[in-house]
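Written below as structure tokens is the structure these notes are about.
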Amino acid sequence: MKASYIVTLSVPVADFRTRLADVPGAVFVRELPPSRVVVVVPSPSARHGLSRLPGVTAVQEDRPRRPHEDR
């Protein structure tokens, strides 16, 4: 089951995209301001691989939110 995560970075997105190849099956989806990206991985257990990449400061599940919910 694929999982989507928002990853907060302390490195340039280009550097992160290069390192993302170290997480099998991970796919870069898009960049979000400020210094965040959306990544899809083949399973929720791959979250640990994302969090271990150099320059990653946080990984949170990308869940749809209703328009009236606080962010």
Side-chain angles (χ1 to χ4, degrees):
M1 176 178 167
K2 291 184 179 183
S4 180
Y5 293 99
I6 297 173
V7 180
T8 304
L9 306 173
S10 65
V11 297
V13 173
D15 292 349
F16 172 76
R17 289 185 77 167
T18 299
R19 294 176 178 143
L20 189 59
D22 293 339
V23 181
V27 177
F28 179 89
V29 177
R30 66 187 169 117
E31 186 173 351
L32 300 172
S35 301
R36 296 178 302 150
V37 295
V38 177
V39 176
V40 173
V41 292
S43 70
S45 63
R47 176 183 185 159
H48 300 293
L50 287 175
S51 65
R52 291 185 193 132
L53 292 175
V56 171
T57 59
V59 178
Q60 77 178 60
E61 186 178 3
D62 183 17
R63 294 182 295 164
R65 296 177 189 229
R66 295 185 181 117
H68 64 279
E69 286 184 37
D70 290 332
R71 293 186 182 240

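Throughout, residue positions are numbered sequentially from 1 according to the sequence presented. Please read these numbers as outputs of a predicted model, since none were measured by experiment. Note that these values count all heavy atoms, side chains included, but never hydrogens, waters or copies made by symmetry.
- Residue Ala46 comes nearest to Val41 through the heavy atom pair CB-CB, 3.6 Å, listed as atom of the first residue, atom of the second, then distance.
- In the hydrophobic clustering of ILVMFWY residues, with side-chain heavy atoms under 4.5 Å counting as a link, Val11 and Val37 come out together.
- Residues Glu61 and Tyr5 form a side-chain contact, since some pair of their non-hydrogen atoms from C-beta on lies under 4.5 Å apart.
- Residues Val29 and Val13 fall into different hydrophobic clusters, defined by Ile, Leu, Val, Met, Phe, Trp and Tyr side chains chained together at heavy-atom separations under 4.5 Å.
- Considering all non-hydrogen atoms of both residues, Met1 and Pro44 come closest at O-CD, 3.4 Å.
- With rounding to the nearest 0.5 angstrom, the CG atom of Leu9 is 11.5 Å from the CZ atom of Arg17.
- Through direct or relayed side-chain contacts under 4.5 Å between Ile, Leu, Val, Met, Phe, Trp and Tyr, Val27 connects to no other residue.
- The NZ atom of Lys2 lies 11.5 Å from the OG atom of Ser43; values are rounded to the nearest 0.5 Å.
- A donor-acceptor pair is defined here as one N or O able to donate and one able to accept, closer than 3.5 Å; such a pair exists between the side chain of Ser10 and the backbone of Gly55.
- Here OG of Ser4 is found 11.5 Å from CZ of Arg47. Values are rounded to the nearest 0.5 Å.
- For the pair Val56/Leu50, no side-chain contact is recorded, criterion being any heavy-atom separation below 4.5 Å from C-beta on.
- Criterion: ILVMFWY side-chain heavy atoms under 4.5 Å apart, direct or through other members. Under it, Phe16 and Leu32 are not part of a common hydrophobic cluster.
- Thr8 places no side-chain N or O within 3.5 Å of a backbone atom of Thr57 that could act as its donor or acceptor partner.
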